[in-house]
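What follows is one structure encoded as structure tokens, with my remarks underneath.
Quick caveat, the model's predicted, so the values are computed rather than measured.
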Number of protein chains: 2
Amino acid sequence: MRRREYLGQLELMVLLAVMRPRGDAYGVLIARDIADKSGREVALASVYAALERLEHKGFLTSSLGQPTAERGGKARTYFKATATGVREAREAHATLLRLSADLPALQVETA
Amino acid sequence: MRRREYLGQLELMVLLAVMRPRGDAYGVLIARDIADKSGREVALASVYAALERLEHKGFLTSSLGQPTAERGGKARTYFKATATGVREAREAHATLLRLSADLPALQVETA
DNA sequence: GCCCATATCTTCATTATTATAGAATTAATG
DNA sequence: CATTAATTCTATAATAATGAAGATATGGGC
């Protein structure tokens, strides 16, 4: 089976987290962001794996940060979404919205 | 790895398709619905596998329909979302909304 | 009426992709 | 060197994808 050409679930979540305007997206923070917003624990290894896939597909770029952490620790790798990545996220997002539109059972938070 | 307690991507799509008010959700139609709304071809076998998982997890129930097809064909198996399934779909949907909120790069269709 | 070509829906077997826990590694600080 | 933080590795399991086969009905020719 060849590689999927569309975003998987965690990939979408990670990409959206990277797209936050904060501009300091890195592994651990992304995982925390997803955990906060989804209420589900996400394994760090999964996030890193997804980041790698996304970069490999050209949806993200990475850059090694300065080791300027307050108290020790390895330097962070920061991620940024590419234009292609943004487009991709938009499409995946739109698809889910289409699938969930006009579903009375879902109309709770939209009201 | 024990079974995930949350929905996979295809599982969510299938569950949402089942929840459409039409009330006649069955394999082939669900696959068509997903293909239409996502622009991606999804293999029938994948849909059936997802349906099976969802039923096993208690998010769907199934019932065998009458073999009243117009022109040949096997009897359909109809699916219906359970209350738990609806709740689950709602949560997944809400998570997506939370993750995509306040993302300027996404604000195209919401405008 | 019986058989077969056809249509529709479902299942099977196999392989690929993604997610996970947990240990290990790297790298900085004091 | 102990501590902290971030990332990577390893092995395994769940999820997803696919082509092909199987099951079951219809309707028309004869």
Side-chain angles (χ1 to χ4, degrees), chain A residues 1-15 17-18 24-35 38 40-57 59-60 62-79 92 95, chain B residues 1-15 17-18 24-35 38 40-57 59-60 62-79 88 92:
Chain A
M1 201 177 350
R2 76 183 180 291
R3 166 148 43 213
R4 296 190 199 164
E5 75 248 31
Y6 59 89
L7 294 176
Q9 179 175 55
L10 182 59
E11 286 176 340
L12 175 58
M13 295 209 241
V14 167
L15 188 48
V18 168
D24 61 342
Y26 71 99
V28 173
L29 188 59
I30 293 168
R32 269 201 285 261
D33 201 20
I34 294 178
S38 72
R40 119 196 187 199
E41 273 318 305
V42 56
L44 267 173
S46 309
V47 170
Y48 283 110
L51 282 168
E52 198 173 278
R53 286 197 302 273
L54 287 168
E55 181 168 20
H56 198 72
K57 291 178 185 173
F59 299 151
L60 294 178
S62 66
S63 62
L64 198 58
Q66 326 255 16
T68 343
E70 306 85 31
R71 275 227 311 280
K74 193 177 180 178
R76 300 166 175 168
T77 302
Y78 292 104
F79 292 89
T95 288
Chain B
M1 200 180 353
R2 73 181 183 293
R3 169 150 49 213
R4 295 190 202 163
E5 74 248 31
Y6 60 90
L7 296 175
Q9 181 174 55
L10 181 60
E11 288 175 339
L12 175 58
M13 295 208 238
V14 168
L15 185 50
V18 168
D24 60 343
Y26 70 100
V28 173
L29 189 60
I30 292 168
R32 271 202 282 262
D33 201 19
I34 294 178
S38 72
R40 123 196 184 200
E41 273 317 304
V42 55
L44 266 173
S46 309
V47 170
Y48 283 109
L51 283 168
E52 198 172 88
R53 285 196 302 275
L54 287 167
E55 182 168 18
H56 200 71
K57 291 178 184 174
F59 298 150
L60 295 179
S62 66
S63 61
L64 197 60
Q66 326 255 16
T68 343
E70 306 84 29
R71 167 87 175 84
K74 196 176 177 178
R76 299 167 175 167
T77 303
Y78 292 105
F79 292 90
E88 197 72 12

Consider the side chain of [X], meaning its heavy atoms from C-beta on, and name the nucleotide among [options] that approaches it most closely.
{"X": "Arg53(A)", "options": "dA19(C), dT8(C), dA21(C)", "value": "dA19(C)"}
{"X": "Lys74(B)", "options": "dA21(C), dA6(D), dA23(D)", "value": "dA23(D)"}
{"X": "Arg76(B)", "options": "dT20(C), dC9(C), dA5(D)", "value": "dC9(C)"}
{"X": "Ala45(B)", "options": "dA21(C), dT7(D), dT18(D)", "value": "dT18(D)"}

With a 4.5 Å heavy-atom cut-off, do [X] and [Y] have their side chains touching?
{"X": "Phe59(A)", "Y": "Leu51(A)", "answer": "no"}
{"X": "Phe79(B)", "Y": "Leu60(B)", "answer": "yes"}
{"X": "Ile34(A)", "Y": "Leu10(A)", "answer": "yes"}

Specify the separation, in whole Å, of atom [atom1] of [X] and atom [atom2] of [N].
{"X": "Leu44(A)", "N": "dT18(C)", "atom1": "CG", "atom2": "C1'", "value": "16 Å"}
{"X": "Tyr48(A)", "N": "dC9(D)", "atom1": "OH", "atom2": "C1'", "value": "13 Å"}
{"X": "Glu11(B)", "N": "dA14(D)", "atom1": "CD", "atom2": "C1'", "value": "9 Å"}
{"X": "Gln9(B)", "N": "dA14(D)", "atom1": "CD", "atom2": "C1'", "value": "15 Å"}
{"X": "Glu55(B)", "N": "dT15(D)", "atom1": "CD", "atom2": "C1'", "value": "18 Å"}
{"X": "His56(A)", "N": "dT18(C)", "atom1": "NE2", "atom2": "P", "value": "11 Å"}
{"X": "Arg32(A)", "N": "dT7(D)", "atom1": "CZ", "atom2": "P", "value": "10 Å"}
{"X": "Glu41(A)", "N": "dT20(C)", "atom1": "CD", "atom2": "P", "value": "10 Å"}

With a non-hydrogen cut-off below 4.0 angstrom, is Leu10(A) in contact with a base, only sugar-phosphate, or nothing?
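Leu10(A): backbone/sugar contact only, no base atoms under 4.0 Å.
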
Remember a base hit wins even if backbone is also touched, and classify Ala49(B) as base, sugar-phosphate or nothing at under 4.0 Å, heavy atoms.
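It contacts nothing in the nucleic acid.
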
Measure from the side-chain N and O atoms of Glu52(A) to the backbone N and O of Ala49(A), and report whether any donor-acceptor pair falls under 3.5 Å.
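Answer holds: no.
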
Ser46(B) side-chain N/O to Val42(B) backbone N/O, donor-acceptor pair under 3.5 Å:
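No, Ser46(B) side chain to Val42(B) backbone: no donor-acceptor pair under 3.5 Å.
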
Using heavy-atom distances to pick each residue's nearest nucleotide on DNA chain C, tell me which of Ala50(A) and Phe79(B) is more 5'.
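Looking at DNA chain C, the more 5' nearest nucleotide goes with Phe79(B).
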
Does [N] have its OP1 or OP2 closer than 4.0 Å to a side-chain nitrogen or oxygen of [X]?
{"X": "Tyr26(B)", "N": "dC9(C)", "answer": "yes"}
{"X": "Tyr6(B)", "N": "dT15(D)", "answer": "no"}
{"X": "Thr77(B)", "N": "dT10(C)", "answer": "yes"}
{"X": "Lys57(B)", "N": "dT15(D)", "answer": "yes"}

